[in-house]
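Note that the structure is a prediction, hence the values are computed from the model and not measured. Throughout, protein chains are lettered first and strands after them, A, B, ... in sequence-line order, and every chain is numbered starting at 1.
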Amino acid sequence: MTIATKQNLESIVGAPRPAKILSVDRNTDDVWTLRLEGQGAFGPGQFNMLYVLGVGEVPISISGSPGKTDELLHTVRGVGGVTNAITSLKAGQSVGVRGPFGTSWPMAAAKGRDVVIVTGGIGLAPLRPAIYHIIENRADYGKVSLLYGARTPKEMLYADEFDSWRETGDIEVLTTVDAAIGAWDGDVGVVTTLIPRASADISDAVAMICGPEVMTRFTVAGLAERNQSKDNIYVSLERNMKCGTAHCGHCQLGPKFVCKDGPVFKFTDVAHWFEKREV
Amino acid sequence: MSTVMDVQAVYTLIDSLKSDGYEVVGPRLRDKALGYVAGTNGSDLPAGLGDDQSPGNYRTRDRGDGALFGFRSSPQSWRRWIFPPNAEVWSARRDNDSFVVDTSAPDSMKVAVIGARACDVAALTIQDKVFLDGQFQDPAYKARRENLLIVAVNCSLDADSNTCFCASMGTGPRVQAGHDIALTEIIEGDKHYFVADAQTDEGSRILEGISGAPAGTDEVAAADSAISNVADSMGRKVDADGLPELMNESYESPRWTVVGERCLSCTSCTMVCPTCFCTNIEDSGDLNGVATRTRSWDSCFTLRHSHIHGGAIRNTNKARYRQWAIHKMGTWQEQFGTSGCVGCGRCITWCPSGIDITEEVTAIREEA
Amino acid sequence: MTQTQGSVAELLKNHPFFEDFAEKYRESLLECGRPVSFKKGEEVFLTGEQANDFFLINKGRVAIQVPASGGNPISIQTVRPGSVLGWSWLIPPHIWRFDATALDDVEGVAMDGRCLRGKVEVDHELAYELLQRFTRVMADRLENTRIQLLDIYGRGNE
């Protein structure tokens, strides 16, 4: 049998390429951002498989600007063997990279419209490229509201950038935490309590949601209460992604391979399965 | 143009494949079962041996008719020669602060499978869609697939199909596509012959070297009728009409709870299924700075299969059986434009609880 | 706590808590209300004090807090303009269970609990109307508290 070669994607399907680490910066107690040598274009919301020699490989979303191809940013929370190995790496060392994989946030579909971004904790990382894209193409979008929740004030990611997003980016950044000790004068409460306060027109805005499934579920309900059409909701979902190429079968959600058909989905395309248990 | 061959010609065919440089994989009695083994000679074929299969049960038996291919689904298909259960994908070694990857050259071994059943050939074309037709091609699978030759054998001998249900899945008992040569074995009293058809140029080339006479209309008719007889008498069946839609709406069915109580999550069904493609990817390293990546068959019945940070998504046997069954019979269609089930019946035979997928689908249809 | 010039009637009329509240009831409640304001950082009430009022917040935010050692209270929830603060006036023994601290300069209306209790004892229809609204507030707070308990951002994307 002779099989036509579709595309020479061997480097993506097969082995990771070593990428030199330019810097490692600590964001919070357990979150670090790695700056790597650039690898070219990617879409906001896409991810790479990051590999540490002999330890393993994990999917990590790209957290830098899609407009800057000379560097590649990955924000990683050290929660397991591989992620702890990644966050222990130092500038000058290399990390293996395969990708980019998956779908992107609907930056084109959102053009000319208000945007509401709802996220929590480390979920802001895959949305930062979308935020950078909006700031770099600000005239293309209407009012933009970022609603961001974290467990505590010190677990807020990229907090040092919020003022510049507000001032130079003309983005409304509303934050809240689950609990605050001491001098926090911001809001306390879950991220869904920020929805009624967004100045973006929720009923017509494109919504981008990234967080654990529980957060996504409550957020979709919260947006629906403000007359948001579910057709305008996009969610980034998490499943066990081992290969990135829709071959290993682990990341299925109903008929979807989250690594290939996602991680960013139009909500209505996955609602049937998302709303059921243990699917 | 069909050819008629005798038993001796089948042995010659095997010899000729070997002299063409093929590793011949064929059926043989081993570990009390009729399975596919590499290094097959004509004398290895299980002449006169058959099998009896029922839910949770498999036994070989003497047929008493000298049939070379008188068996039903083997315990495992021959997919392992295209998609090995465990394979090194690449290795890498430390190089100062970086690493260098050694991607092993694609496997160039030519493999010929003799005695491939229609269900398993159909399963191979389904796996082709998984590994070759998507956005990304699997290079190792592609290399092995390109070097594969298939001598299929239509199921023509056993009217009682036991656990098989290929006719209702539209994949057999006559092999449809993806093979190079198709044989139909006919035993009528003293007469024992094979009707052979070439499907590809390579198949024609090989058949030309084998002694045989052009098939007469009687012989072709006998082959057709024997295959039709097997199809018509197939006891088990799945009503495939609108099956993906039915399955997709079945998540809340109470039937999954019932079958979930019988399922042991032992993974047998996924190991014997010829279309299952899930793999686990493991990285390991040694003290000399050499790391290897291996890929091995995995099963959606394991807890780790759906693991994400915070815990597994499918914690119960019910949820895992449901995932497997809805995938095979339902969501596969949207993913790959085909059913994920070929009706080989292995999951029924090799389930220690005797769970019968045809029974489960029927129950779900009756509830709907 | 200082009195301001804002008209209680005006404030009650515009507050979402009293949206669609029958005119006759709103008028009967007027005498229980008085305008209040708190400076940023000022305590609205403290744990253990008598709960004599509830507050309709019109401007500024109030943090509901638990006093903790080291002078660092733990903030549990934020009450925003348009919402109400406090229901201990309604439930015996009428003692505040939490601290409330103004996060901004806050303006609103304090409703006198004793005055209200007197009215609802004799007018159960008014009591029902009022309780319905408080139940909604409590259900919202409870739901939000439950979501907070889930630690919903804790799970990362490894």
Let's test your reading of the structure: which of [options] forms the most heavy-atom pairs below 4.5 Å with chain B?
{"options": "A:Gln252, A:Gln93, A:Lys242", "result": "A:Gln252"}
{"options": "A:Gly56, A:Pro255, A:Gly254, A:Ser94", "result": "A:Pro255"}
{"options": "A:Ala246, A:Pro18, A:Gly249", "result": "A:Pro18"}

Test item: [X] side-chain N/O and [Y] main-chain N/O as donor-acceptor pair under 3.5 Å:
{"X": "A:Gln46", "Y": "A:Gly102", "value": "yes"}
{"X": "B:Ser306", "Y": "B:Arg314", "value": "yes"}
{"X": "B:Gln127", "Y": "B:Thr275", "value": "yes"}

Between [options], who has the most heavy-atom pairs with chain A when the cutoff is under 4.5 Å?
{"options": "B:Thr292, B:Asn280, B:Val290", "result": "B:Asn280"}
{"options": "B:Arg304, B:Arg94, B:Gln333, B:Arg93", "result": "B:Arg94"}
{"options": "B:Gln323, B:Glu202, B:Arg322", "result": "B:Arg322"}

> When only heavy atoms count and the cut-off is under 4.5 Å, which of residues 20-36 of chain A reach chain B?
Replying inline: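 Against chain B, none of the residues of residues 20-36 of chain A fall inside the cut-off of heavy atoms under 4.5 Å.
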Contacting region of [X] [heavy-atom separation from chain A under 4.5 Å]:
{"X": "B:Arg320", "answer": "neither"}
{"X": "B:Asn248", "answer": "both"}
{"X": "B:Ile326", "answer": "neither"}
{"X": "B:Glu252", "answer": "side chain"}
{"X": "B:Asn315", "answer": "both"}
{"X": "B:Asp286", "answer": "neither"}
{"X": "B:Thr316", "answer": "both"}
{"X": "B:Thr200", "answer": "neither"}

> For atom CG of B:Asp201, is the number of surrounding heavy atoms from other residues, nucleotides or ligands below 6.0 Å larger than 12?
Replying inline: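 Atom CG in B:Asp201 is not packed in, count stays at 12 or less.
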> Does atom CZ of A:Arg277 have more than 12 heavy-atom neighbours from other groups under 6.0 Å away?
Replying inline: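 At most 12 heavy atoms, drawn from other residues, nucleotides or ligands, come within 6.0 Å of this atom.
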> Step by step, would you call B:Val25 with B:Ile114 a side-chain contact (heavy atoms from CB on, under 4.5 Å)?
Replying inline: CA-CA 6 Å; B:Val25 172; B:Ile114 184 157; over 6 Å; no
> Thinking salt bridges, do A:Glu278 and B:Lys318 make one under a 4.0 Å N-O criterion?
Replying inline: no
>> List the residues meeting side chain to side chain donor-acceptor pair (under 3.5 Å) with A:Arg128, not counting sequence neighbours, and say none if there are none.
In response: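 By the side chain to side chain donor-acceptor pair (under 3.5 Å) rule, A:Arg128 matches A:Tyr132, A:Glu161.
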Using the six-membered ring wherever Trp is involved, compare the ring planes of [X] and [Y] and label them parallel, tilted or perpendicular (cut-offs 30° and 60°).
{"X": "B:Trp332", "Y": "B:Phe277", "value": "perpendicular"}
{"X": "B:Phe99", "Y": "A:Tyr51", "value": "perpendicular"}
{"X": "A:Phe267", "Y": "A:Phe274", "value": "perpendicular"}

> Is B:Arg144 positioned over the aromatic face of B:Phe83, cation under 6.0 angstrom from the ring centre and no more than 45 degrees off axis?
Replying inline: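 Judged by the rule, B:Arg144 and B:Phe83 form no cation-pi pair.
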>> Both conditions, 6.0 Å and 45 degrees, for the charged tip of B:Lys110 above the ring of B:Tyr22: are they met here?
In response: yes
> Tell me, side chain or backbone of A:Val52 under 4.5 Å from chain B's heavy atoms, or both, or neither?
Replying inline: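 Contact with chain B is absent: no heavy atom of A:Val52 under 4.5 Å.
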